[in-house]
Amino acid sequence: MMLRYALQTVRDRKAGFLGAFVALLCAAALVTACGTLLETGLRGKIATERYAATPVVVSADQNVHQTTVKEKKGKSKTKHKAKPVAERAWLPAATVETVRSVPGVARAVPELSFQAVPLVKAPGGAKPSYGHAWTSAALTPFTLTEGRAPQGDGEVVVDRELAARTGLKTGAPLTVQATGEPRTYTVSGIARSARGDLARQNALFFGDAEAQRLAARDGRVTAVGVLPAPGTDPVELAGRIGKALQGQGGGAQVAVGDARGPVEFLDAAGARIKLVSMGGAMGGTALLVAILVVVGTFALSVQQRYRELALLRAIAATPKQLRRMIGREALLVGLAAGVAGALAGLPLAAWLHGRFVASGVVPANLERTAGIFPMVAAVGASLLGAWAAARITGRRIARIRPAEALAEAAVERRRPAWIRIAVGVLLLAGGVVLVAVLSALRSEPASTPVTFLAVVVFAAAVSLLGPLLVRGAAAVLAGPLRLAGPGGYLATANLRGNATRMASAVTPLALLIGMTCTVLFITPTLGDAARAQARDGVRAGWVLAAQGPGVTGAAAERIRRTPGVTAATEIVHTSVRVGLTKYGAQGVTPAGLTRTWDPGVTSGNLDGFGERSVAVSELAADQLGLKPGSPLEVALGDGTRVTLTVAAVYARGLGFGDLTLAHDLVAAHVDNPLANSVLVAAEPGTGREQLAAAVAGFPEVGVLSARDADVVRAERQQAGAEINLLAMGLVLAFTAIAVVNTLAMSTSERLREFAMLRLAGAKRRQVLRMLRMEAVGVVLIGAVLGSGIALAVLTAFSVGMTGAAAPAVVPVVYVGVVGVAGLLALAATALPGRLALRVPPVEVATSR
């Protein structure tokens, strides 16, 4: 019977359930989109290009490993963990002979893969370009369509797509910058892949000796491509090769099938981890926001039916029957919204994946996975959220005694239930605890999830304590609102008398403002502190910056010999691992270091800083228990382990990274050994023109002042902020929809109230003014609460990450956020109000 009533209620009160349906649909779409990204990170395939015709690929182990042994109750338990390296790990060249000796191997082709950038202007977006030895062309395979294979050190073969885009022909000169100085080659041929043009890269082929020189990894190879003998199963052959290599050690790994893609594209394999983290963070935040919004929407929907539900209670419906009916209504709406939202989430996931690819966060060859699991999870989350929301919001109605049902249906309770107040206070306390924890966290990966969780927890506290907060705010706003005349007086009365209804509109508005301000200002807060440290720590007045792959050693040496230059420090960036923990690192040339760079040394000194020295930030020193003179084992970018001695501890870790090593040590273990920049200290009177003339023979190198370099850092910071905004944009859009949805529901159900006001003598414009005053009051309350939440969270984040309570709030952006939220609130109130006032009041008053 209750199911039949639920079906009839949903059918006859479509408008009343529309708001809940919209909220659940958006929530399901968000869960599907985030779940798809998460599944892509876990199971997405990475298609191979260069190894398309190579069934088996042998490469170095691209992970850093750590084994720990724990003793518990007299038993030892071994635990093994691994984390990916930042740069490509290379194989000993002797591995090639070992692979060739395995039975079933028809051919073992050594592969060299290194940066090789053609210095030529071309229309369209440039793809990464890699150099290889011509002997490895068989791995794709590439075949010549024009010209001949490279002979000698001065010739190069380019792929067909690059030749077509740049207009290169055989015999044309081509300047290429690899890991050293640029060199001009003659295009001896144009090659075509048997599977079409490469989608993610351009290939340049050199003679074997020249490729070995350019790779700058003597005695090592990138990988070994294995072509099996006819009739040999690649999987079985891979097993035999693995056993042969295991006996020799060296940490090699053998890949077949889909496992070849991650060997070729290390950035795609790393992007999987980023996508899992991003999808999980977005999905978790979206789910929490969705639960908060759906509960508020259902609360408003049930509140609109007080009279109907109270009447059922008065004619002998039991509390259990009412709870079952409300639960079934919620399940019906949740099922319909969940299915529709899950279907809508698929194109949303495709759009979001495309945006991530376009912005460079996710490589294009990490294929999006559209499985059934995110859709099932979305439908399940919609059903569970709808049922839980209905149970929470329907408890008070179900407990109404029949004798007081009709009176209770007409008048809102003056005070929320004690359980609601208690839970709200607990959530408020939980938010305070999270803020305290956030102020103690000093790493961005740990701080970011706590930041958004704190915003949601505070918003949930506002949702539960909303009626009390609205009444208190109404008392403060009573004077200013009454100055607006009868409309302001009525608005004040509604804020006080219908605090629960107004609170349901304040909550999503506060969440929208709080979440948006947090997303917009969290990256500038960290970035401004880092830039300030970099500005204070750079003593050099000039910076060499490259428009291409980097500043070469010859350019740095040329600037050192320029009259007036006192020191030039080459800087190359990477990341290293201490244990399994990842740290940002830089390599610097030690000569004249203190004249160009001041990291704020707090203990130790940089005198005598050399090949086996390392300087660490205070954060890293605290985490690792280091002090000057301490030994530190570091896994460099390619996984090579070295033991260094701590020379100094410095304060400006945000501006310069957590670890600083010698330039030559870092450059020997990164894919791009060219300097990212060169700090140049010069005597007074040495100008830009003099320095620019010194590097005029290096067309890709420019001279920037320290101020110009800071502007470049600011632009990069802005790009990072845009990625974060894109990542959380869906959650913010959902919250904005919730604001409009809730306010529209709240306004449209007041048809009878508006009619009574009209019959009592109020004019149409007076009612609309009342609505506008109410909306202004709701916006002011939501803005104050949302701003307070964002300020508390951002201040705690700033204290933890920068050591100072200085969140970077841009006034113009903040005013824009509040303004957009206000416009949404006014539009969501005014439009339904105008539609409601079109109905003649007498018709409304005499209707059912």
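Values below: all heavy atoms of this structure, side chains included; hydrogens, waters and symmetry mates excluded. Given the structure is predicted, the values throughout are model-derived calculations rather than measurements.
Panel note: side chain Arg260, backbone Thr54; a donor-acceptor pair is recorded below 3.5 Å. Thr140 contributes no side-chain N or O that, together with a main-chain N or O of Tyr51, makes up a donor-acceptor pair within less than 3.5 Å. Side chain of Glu367 to backbone of Ala47: no donor-acceptor contact under 3.5 angstrom is found. Under a 3.5 Å cut-off, the side chain of Asp233 and the backbone N or O of Val235 do form a donor-acceptor pair. Side chain of Thr518 to backbone of Ala790: no donor-acceptor contact under 3.5 angstrom is found.
Looking only at side-chain heavy atoms (C-beta outward), Leu438 and Val793 come within less than 4.5 Å of each other. Looking at heavy atoms from C-beta onward, Arg200 lies out of side-chain contact with Lys127 at the 4.5 angstrom threshold. Side-chain contact between Leu383 and Leu335 is present, with at least one heavy-atom pair separated by less than 4.5 Å. Annotation: side chain of Lys582 is not in contact with side chain of Pro84 (no heavy-atom distance under 4.5 Å). Using a 4.5 Å cut-off on side-chain heavy atoms (C-beta onward), Leu824 and Leu512 make contact. Here the side chains of Ile781 and Leu469 are not in contact, with every heavy-atom distance at 4.5 Å or above.
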Distance-only donor-acceptor pairs under 3.5 Å for side chains of residues 445-461, two or more places apart:
residue	atom	partner	partner atom	Å
Ser447	OG	Ser443	O	3.0
Thr448	OG1	Glu444	O	2.9
Thr451	OG1	Ser447	O	2.8

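A 6.0 Å sphere centred on CG of Leu426 holds more than 12 heavy atoms belonging to other residues, nucleotides or ligands.
Between Glu264 and Thr48, the side chains place a donor N or O and an acceptor N or O closer than 3.5 Å (distance only, hydrogens not considered).
Under the rule for a side chain to side chain donor-acceptor pair (under 3.5 Å), the partners of Ser59 that lie at least two apart in sequence or sit in another chain are Gln253.
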